[in-house]
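Taking it in order: structure first as structure tokens, then the write-up.
One-based numbering along the sequence shown.
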Amino acid sequence: MAIIGFPETILEQPIQERLDYFINYTMAHPHLTMAYQEVMQAVTQAPGTALIFVVGSTGVGKTTLLNRLVQKCTEAALVQMEVDKGKIPIFGVEAKSPEFSQFDWKDFYIRLLKAVNEPLIDKKITYEHEKANKRDSRSTWRLSVESALINRRPDAFYIDEAHHLALLPSGQKLKDQPEVIKSLANLAKVKIIPTGTYALLPLVDLGDQLCRRSKTVHFKRYHADSDDELEIFQSVVATFQAHLPLSKMPDLVRYWEFLYERSLGCVGMLKDWLSETLSDVLHNHDGSTITLRDLQRHARPVAQCLKILKVIKKGEEKFVELQTELEELRKELGLYQKSYESELKNLQNQDSTTERAKGEIGKPKPHRYEIGGYENGQE
């Protein structure tokens, strides 16, 4: 008998509540867990790090990661917040896409002030003052933000859609963007987490100071050229399958290859697809289960998948450490013989000998990996 992951009483609820259950359901899976742990460690245990860049493909699950980060940081600060009523442990803002090829820092500062519940925002600066000197008005907004952060004492704040910071016509302006947020992190003594697609990468390695004070976390998708990763993806499909609030559990694992093909191995993209399909089935069909035909109706067109995949692969390539770059680094340092190379090979051999035998494709083993839901704050 198939294991149902949702509470059976949910089937007695109205359609919208059943749909909301699945939309709000989030799952722990290895790539999400790894990225989350890296970010959390950088926030809590890396005093020299000011900026924590989180980069991944569209639909990989960055929003879920940020929600989990907010939940855990808030839980960790509950005792402190009882004493320090003004503290906000973590919060986030979205970087608005520039309308005229120029990122609007004033809009960003205002959104940040709203996010920390700053009072009397419209009184921070008068219209006459702003009209007289736009540059001076931005400085005033910046000072208000610094003051608000110092008073609210957050451990970190994230900038969602941070790749919008890189949408600028000038190379010099591009270099200025991460310096601005690094300066804000230093003056307000707060960790800043810019999060975005691979379009964020041009901001990551601009200048030696920024490289020294920043960390980059790559939130990866699952790749079809790895049997291990394919099995994890199938386990993800099986878990989503068990949590679809339908009277008859669909056999999504049977169609894992189609699901991988149109989600590109991105769990967030898969979740959106299943949510849209579930909504259609519940509202416009008998609502008993999801069939292959239902999935086909809401699958992303092949042309769009190809376009997205080209962008993803180009971004992924930038994270691959090329041998030529390593040789260049060693040459510049005056190092020629790798004394540690044999030891590294021994470690790699140990890893390969302990690797488990490959499972049969199409028959996932969910208990092999840490995959499960985050429900009501529980893992």
Legend entry - Electrostatic pair Lys191:Asp155 at N-O distance under 4.0 angstrom: no
Inset, instruction - Specify the closest pair of heavy atoms between Ala166 and Ala199, including all atoms of both residues, with the distance to one decimal. - result: CB-O, 3.7 Å
Legend entry - Lys114 charged N/C atom sitting above Tyr109 aromatic ring, 6.0 Å / 45°: no
Inset, instruction - Evaluate the criterion side chain to side chain contact (heavy atoms under 4.5 Å, CB included) for residue pair Arg152 and Phe91; output intermediate values, then yes/no. - result: CA-CA 11 Å; Arg152 292 300 192 180; Phe91 67 94; over 6 Å; no
Legend entry - Atom pair CZ/OH of Arg68 and Tyr36 - distance to nearest 0.5 Å: 6.0 Å
Legend entry - CG-CD1 distance between Leu203 and Ile181, expressed to the nearest 0.5 angstrom: 7.0 Å
Inset, instruction - Would you sort out whether Glu328 and Lys331 count as a salt bridge (Lys or Arg N to Asp or Glu O under 4.0 Å), showing the intermediate values? - result: CA-CA 5 Å; Glu328 181 183 356; Lys331 181 179 178 182; over 6 Å; no
Inset, instruction - Establish, from distance only, whether the side-chain atoms of Gln177 and Trp105 form a donor-acceptor pair under 3.5 Å. - result: yes
Legend entry - Distance-only polar pair, side chains of His218 and Glu316, donor-acceptor under 3.5 Å: no
Inset, instruction - Could you go through the side chain to side chain contact (heavy atoms under 4.5 Å, CB included) check for Leu252 and Leu274 one step at a time? - result: CA-CA 10 Å; Leu252 298 185; Leu274 293 178; 3.9 Å; yes
Inset, instruction - Quick one: do Ser183 and Arg142 satisfy side chain to side chain donor-acceptor pair (under 3.5 Å)? Show the steps, please. - result: CA-CA 11 Å; Ser183 172; Arg142 167 64 183 260; 3.1 Å; yes
Inset, instruction - Quick one: closest heavy-atom pair of Glu229 and Arg221, and the distance? - result: OE1-O, 3.7 Å
Legend entry - ring-ring contact (aromatic ring centres under 6.0 Å, His included) between Phe6 and Phe22, worked out: CA-CA 9 Å; Phe6 60 86; Phe22 185 74; 9.9 Å; no
Inset, instruction - Report yes if the side chains of Leu51 and Arg213 come closer than 4.5 Å at any heavy-atom pair, otherwise no. - result: no
Inset, instruction - Assess whether atom CD of Gln296 is packed by more than 12 heavy atoms of other residues, nucleotides or ligands within 6.0 Å. - result: yes
Legend entry - Separation between NZ of Lys313 and NZ of Lys318, rounded to the nearest 0.5 Å: 15.5 Å
Inset, instruction - Taking the side chain as every heavy atom from C-beta outward, state whether Ile192 and Tyr158 have any atom pair closer than 4.5 Å. - result: no
Inset, instruction - Decide whether Val180 and Ile110 are clustered together by the hydrophobic rule: side chain heavy atoms of Ile, Leu, Val, Met, Phe, Trp, Tyr closer than 4.5 Å, transitively. - result: yes
Legend entry - Lys/Arg N to Asp/Glu carboxylate O, Lys182 vs Glu179, below 4.0 Å: yes
Legend entry - Stepwise side chain to side chain donor-acceptor pair (under 3.5 Å) check, Glu161 with His163: CA-CA 5 Å; Glu161 305 291 338; His163 49 269; 3.1 Å; yes
Inset, instruction - Would you check if Val60 and Ser57 make a side-chain contact, meaning some heavy-atom pair closer than 4.5 Å? - result: yes
Legend entry - From CE (Met40) to CD1 (Ile193), nearest 0.5 Å: 8.5 Å
Inset, instruction - Check the pair Ser288, Asp286 against side chain to side chain donor-acceptor pair (under 3.5 Å), reporting the backbone distance first and the verdict last. - result: CA-CA 6 Å; Ser288 60; Asp286 65 6; 3.2 Å; yes
Inset, instruction - Ignoring hydrogens and angles, state whether a donor on the side chain of His298 or Asp280 is under 3.5 Å from an acceptor on the partner side chain. - result: yes
Inset, instruction - Would you kindly say whether Thr291 and Arg297 are connected by a side-chain donor-acceptor distance under 3.5 Å? - result: no
Legend entry - Shortest non-hydrogen contact between Ala299 and Phe258, atoms and distance: CB-CZ, 3.8 Å
Inset, instruction - Would you check if there is a donor-acceptor pair between the side chains of Gln71 and Asn67 at a distance under 3.5 Å? - result: no
Legend entry - Presence of salt bridge, Arg111 and Asp104, under 4.0 angstrom: no
Legend entry - Spacing of Leu112 atom CG and Phe157 atom CZ [to the nearest 0.5 Å]: 5.0 Å
Inset, instruction - Measure the CG-CD distance between Leu282 and Gln16 for me, rounded to the nearest 0.5 Å. - result: 9.5 Å
